[in-house]
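Remember, it's 1-based here, ligands and their atoms both numbered in the order they're listed.
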Amino acid sequence: MVILGAGPAGLVLGNLLLASGVDCVILERATRTQVQARSRAGFLAANTVRILDRHGLAEGLHRRGREHTTCEFRTEDGRFRLDYGSLGRGERHTVYPQHELVTDLLTQYLNTGGRVRFGTEALTVRGADDARPSVTVREADGRTGSWQGRYVVGCDGRHGAARRSLPPGAVRRHRLDHGISWLGLLAEAPPSLDAVGYAVHHRGFAGHMARTPEVTRYYLQCERGTSPDAMSDGRIWDELALRMRAEDYGPLRRGRIVDRTVVDLESDVLEPLRHGALFLAGDAASLLSPSAAKGANLAVLEAEILARALIDDLCHGSPEGLAGYSQRCLAHIWRAQEFSQWMVRLLHGAPGPDGESVFHDSLRRSRLASLSTSRSCQDWFADHYVGV
Ligand code: APR
């Protein structure tokens, strides 16, 4: 079995296959240090924790992760809080930085004899229609090589080799550009509030998400094409304070900004998630806008579904799980896409001509009003916000 990519999808899959005695290798373009240092998401859904628990992969997150149950909306009409941990099914998030989860998964995989080839870039997947597909690679020293397996699983993200290798027409790609961009920031500063903060402002969205007691993630909506370095740290903090209405609701705890990335909010879904002996999981299967922090959670869910199906096929001769993999995951993916899209519309005005903007702004405002006043709307929100 050849797995491309050592992110959450590839590493959960690798651990589960290894635990069932399925021989596999993970090919990873980056170095081990880079993989363990990459700062990404950090909100794990209750179901993700259950999956990791089931397979003995949750020790680190139970020790160092923190439960999270509240979000706060700040708008032109005031602010309101939702304690989603006591709404709907009452499920909670665990805040655990993704690079720590990746480090735990990698350590467990390597300690139980798993193989990872770091610094090995997959170039092309060949022969997915055959019984023995192969992956051509460029090794860290520049030499090219090839790996063969019964199956190849692309967990190598949206720009990986798995997507690139799909022959034209084999798989459809459904894509939505939300026309919105965020400047994602990582600040060496303690959280400024004990909740996820969503600020809706006429200058654009601003977001606050706790990571650790020392590090906080912020988002600022920006013009498409903005350079991450366009604003000084001081300007960024002033803009965050303005949009988060710090004057009314309390100051932000400022610190050095250690990471800046501009993200264009885009979503896509590949369909089906299989071409012959090549399977797709995680970001390689579907890209979610970061509005609802579902990406890593879906990646873990898909990896578990695929691992079970592969084990049934390879160890017990039952191919039904593999045949149904795509359909089963797509049902989860479209539900996550639907909620992420709903969040995008909740948090932003629509770009467009003035009349259209007023219309969309009014819809957004009334959606927020329903969320702040209707218990059934809040229960629905809570279930979708934490669920995958
Ligand atoms: N060859 C080998 N490895 C590759 C290649 C390639 N051609 N292209 C990408 N990779 C590696 C990347 O270096 C990365 O380590 O694949 C890995 C993909 O990991 P992630 O991007 O983390 O994707 P995934 O495991 O699907 O996790 C889902 O959800 O929170 C979101 O985007 C966030 O990473 C998260 C994702």
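Side-chain atoms of Y84 and H384 form no donor-acceptor pair, as typed in the model, at a separation below 3.5 Å. A donor atom on one side chain and an acceptor atom on the other are found under 3.5 Å apart for H174 and E271.
Residue contact check: T120 has heavy atoms under 4.0 Å from atoms 2 (C) of ligand 1. Below 4.0 Å from some heavy atom of A299 lie the following atoms of ligand 1, by number and element: 27 (O), 28 (C). For ligand 1, the atoms sitting less than 4.0 Å from at least one non-hydrogen atom of G5 are 11 (C), 16 (O), 17 (C), numbered in the order shown with element in parentheses. Within ligand 1, counting atoms from 1 as listed, the ones closer than 4.0 Å to a heavy atom of L27 are 2 (C), 3 (N). Of all atoms in ligand 1, numbered sequentially from 1 with element shown, those under 4.0 Å from a heavy atom of G282 are 26 (O). Interface atoms of ligand 1 facing E121, defined by a heavy-atom separation under 4.0 Å, are 1 (N), 7 (N). Ligand 1 places these atoms under 4.0 Å from at least one heavy atom of A9: 25 (O), 26 (O). Per-residue contacts place C155 under 4.0 angstrom from the following atoms of ligand 1 (heavy atoms of the residue considered): 16 (O), 17 (C), 18 (C).
For the ligand labelled ligand 1, residue H159 lies outside the 4.0 Å heavy-atom shell.
Considering A296, S165, P8, S286 only, the shortest heavy-atom separation from atom 27 (O) of ligand 1 involves P8. Counting heavy atoms only, A122 comes closest to atom 1 (N) of ligand 1 of the residues A122, A6, G160.
Annotation: R29 places an N or O atom under 3.5 Å from an N or O atom of ligand 1; distance criterion only.
The single protein non-hydrogen atom nearest to atom 12 (C) of ligand 1 is E28 OE2, 3.5 Å, given as residue, atom name and distance. From the protein, the heavy atom lying nearest to atom 15 (O) of ligand 1 is R38 NH2, 2.5 Å. Ranking the protein heavy atoms by distance from atom 35 (C) of ligand 1 puts Q98 NE2, 3.2 Å first. From the protein, the heavy atom lying nearest to atom 36 (C) of ligand 1 is D283 OD1, 3.4 Å. For atom 20 (P) of ligand 1, the closest heavy atom belonging to the protein is R40 NH2, 4.0 Å.
Using cut-offs of 30° and 60° for the angle between ring planes, the F80 and F73 rings count as parallel.
The nearest pair of heavy atoms linking A6 to L11 is O-CD1, 3.4 Å. In terms of heavy-atom proximity, V152 sits nearest to P133 at CG2-CG, 3.8 Å.
Aromatic ring centroids of W342 and Y385 lie 6.0 Å or more apart.
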(request) Kindly indicate, with the supporting measurements, whether the criterion salt bridge (Lys or Arg N to Asp or Glu O under 4.0 Å) is fulfilled by D238 and R235. (result) CA-CA 5 Å; D238 290 346; R235 265 277 329 275; over 6 Å; no
